[in-house]
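The sequence lines fix the lettering, A, B, ..., with proteins before strands; numbering per chain opens at 1.
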Protein chains: 2
Amino acid sequence: MTIEEAIKSSIPLKPHTRTTLNIMYSSRLVEEKIAELLKPYKVSMQQYNVLRILRGQKGIPANLSTIQERMINKMSNTTRLVDKLIEKKLADRTICESNRRKVEIIITPKGLELLLEIDPLMAKCNEDILKLFSLQELNTLNNLLDKLK
Amino acid sequence: MTIEEAIKSSIPLKPHTRTTLNIMYSSRLVEEKIAELLKPYKVSMQQYNVLRILRGQKGIPANLSTIQERMINKMSNTTRLVDKLIEKKLADRTICESNRRKVEIIITPKGLELLLEIDPLMAKCNEDILKLFSLQELNTLNNLLDKLK
DNA sequence: TAACAATATTTGTTATGACAATTGAAGAAG
DNA sequence: CTTCTTCAATTGTCATAACAAATATTGTTA
């Protein structure tokens, strides 16, 4: 299906407009699928994203600015996002002793367990979304998208 | 720049995961640029999107469900989105006489003027975002993204 | 034609997001 | 050593999003 069909555009789009719309539209499709997968686990996509960043730290505590720069959605109030994870006992926060302006955030065993449970489903979800793509096509797509950055 | 570099991922990503992350990340980049462009005009991306849909109707009133199915972000409360446009006198809403459950939404002259003002800037913005791409690359990217739908 | 189902939109509620202002701590300069 | 600046995170406020429930109108059928 073309993007024009998807958004039922009567007029043909210019190539550049077509592409930016297509990127945004495709992203929505991906997000929808992922949000649906995460829903039963009561974590939002952003919360899940932060949990993965924390796991990626391999035990080293992360501070807020580290988390922010690694997020897919750079957002302003990461504090409250982390608050939610702490409420759910998926993460923990302490004040950094060497620099009391910073905080140290770590993932809890419960958080790690949750990620382990979701991991295979998320892998399958990503494969499902892209099931029509050959590895070579994935490569091409990735390389093209990388040109945006 | 690769997506791994962008999100500072220490571990290499699986091809499918890499691609879905890349699509979402790229979409954020595009959205950021567009939001920035629209900011001085005090309309959100979604509001702008709806205005363009209304213009595309070429005078024929649109009802809410039509707007919804044509939006990039299918969303639940289009009512309140349209409310905002009406507050700003960019759109008008009347009840459909032949089926009083429906509403008829049209863009006002002020709304059309606003779009005309934004049009060239938006075209330039899209071109800027994709300035490193040849027409052929845009085509390839579009065709690949179309496979998602 | 009264009762029920379907359609189209609206409203209420709660959670997130954007953005600015504020707080508290650390570092620098006189 | 006290003032100023910078840094890191938090908080307040308002706008938007998600989701469910409610309302109003029309269509259907027994």
Query raised in the report: Rounded to whole angstroms, how far apart are CG on A:Leu81 and P on D:dT10?
Result: 12 Å
Requested in this report: Examine the side chains of B:Thr19 and B:Asn22 and answer whether a donor and an acceptor come within less than 3.5 Å of each other.
Outcome: no
Query raised in the report: So how far off straight is the helix from C:dT1-D:dA30 to C:dG30-D:dC1, going by the axes through five pairs at either end, to 10°?
Result: 10°
**Report entry** Spacing between A:Asn99 atom CG and D:dT6 atom P, to the nearest angstrom
**Finding:** 17 Å
Query raised in the report: Salt bridge or not for A:Arg28 and B:Glu31, using N-O below 4.0 Å?
Result: yes
Query raised in the report: With a 4.0 Å cut-off on heavy atoms, is B:Lys39 in touch with a base, just the backbone sugar-phosphate, or nothing at all?
Result: sugar-phosphate
**Report entry** Under 3.5 Å side-chain donor-acceptor pair for A:Gln47 and A:Lys88
**Finding:** yes
Requested in this report: Choose from D:dC19, D:dT25, D:dA9 the nucleotide whose nearest atom is closest to any side-chain atom of A:Asn63.
Outcome: D:dA9
**Report entry** Spacing of A:Ile95 atom CD1 relative to D:dT10 atom C1', expressed in whole Å
**Finding:** 11 Å
Requested in this report: Assign each of A:Lys102 and A:Asp83 to its nearest nucleotide of DNA chain D by heavy atoms, then name whichever residue's nucleotide is nearer the 5' end.
Outcome: A:Lys102
Query raised in the report: Do B:Thr140 and B:Asn143 meet the criterion of a side-chain donor-acceptor pair at a distance under 3.5 Å?
Result: no
Query raised in the report: For B:Arg101 and D:dA22, what is the distance between atoms CZ and C1' respectively, to the nearest whole Å?
Result: 16 Å
Query raised in the report: Which whole-number value in Å describes the distance from B:Leu38 CG to D:dT16 C1'?
Result: 15 Å
Query raised in the report: Counting any heavy atom closer than 4.0 Å, what does B:Lys74 reach on the DNA or RNA strands: base, sugar-phosphate only, or nothing?
Result: nothing
Query raised in the report: Closer than 4.0 Å, any side-chain N/O of B:Gln47 to the OP1 or OP2 of D:dT16?
Result: yes
Requested in this report: Apply side-chain contact (heavy atoms from CB on, under 4.5 Å) to A:Arg93 and A:Thr79, showing your working.
Outcome: CA-CA 10 Å; A:Arg93 171 172 46 199; A:Thr79 300; 4.2 Å; yes
Query raised in the report: B:Arg100 CZ to D:dA24 P: how many Å, rounded?
Result: 12 Å
Query raised in the report: For the side chain of A:Asn126 and the backbone of A:Met122, is there at least one donor-acceptor N/O pair under 3.5 Å apart?
Result: yes
Requested in this report: Provide the start and end nucleotides, 5' to 3', of the part of DNA chain C that has atoms under 4.0 Å from heavy atoms of chain A.
Outcome: C:dT16 to C:dA26
Requested in this report: Assign A:Ser65 to base, sugar-phosphate, or nothing according to its heavy-atom contacts below 4.0 angstrom with the strands shown.
Outcome: sugar-phosphate
Report task. Measure from CG on B:Leu85 to C1' on D:dT16 and round the result to the nearest Å. Result -> 13 Å
Query raised in the report: Contact class for B:Asn73 (heavy atom, under 4.0 Å): base, sugar-phosphate, or nothing?
Result: nothing
Report task. In plain terms, say whether B:Glu137 and A:Lys147 are close enough for a salt bridge, that is, a side-chain N and a carboxylate O under 4.0 Å apart. Result -> yes
**Report entry** Side-chain N,O (B:Ser76) to OP1/OP2 (D:dA20) below 4.0 Å
**Finding:** no
Report summary line: Rounded to whole Å, CE of B:Met75 lies from C1' of D:dC19 at a distance of 12 Å
Query raised in the report: Are A:Lys14 and B:Glu127 within salt-bridge range, i.e. N to O under 4.0 Å?
Result: no
Requested in this report: Might you work through the side-chain contact (heavy atoms from CB on, under 4.5 Å) test for A:Gln46 and A:Val50, ending with a clear yes or no?
Outcome: CA-CA 6 Å; A:Gln46 281 75 358; A:Val50 170; 5.7 Å; no
Query raised in the report: Picking from D:dT11, D:dG27, D:dA8, which would you name as closest to the side chain of A:Arg80?
Result: D:dT11
Query - B:Lys110/B:Asp92 ion pair, N-O < 4.0 Å - result: no
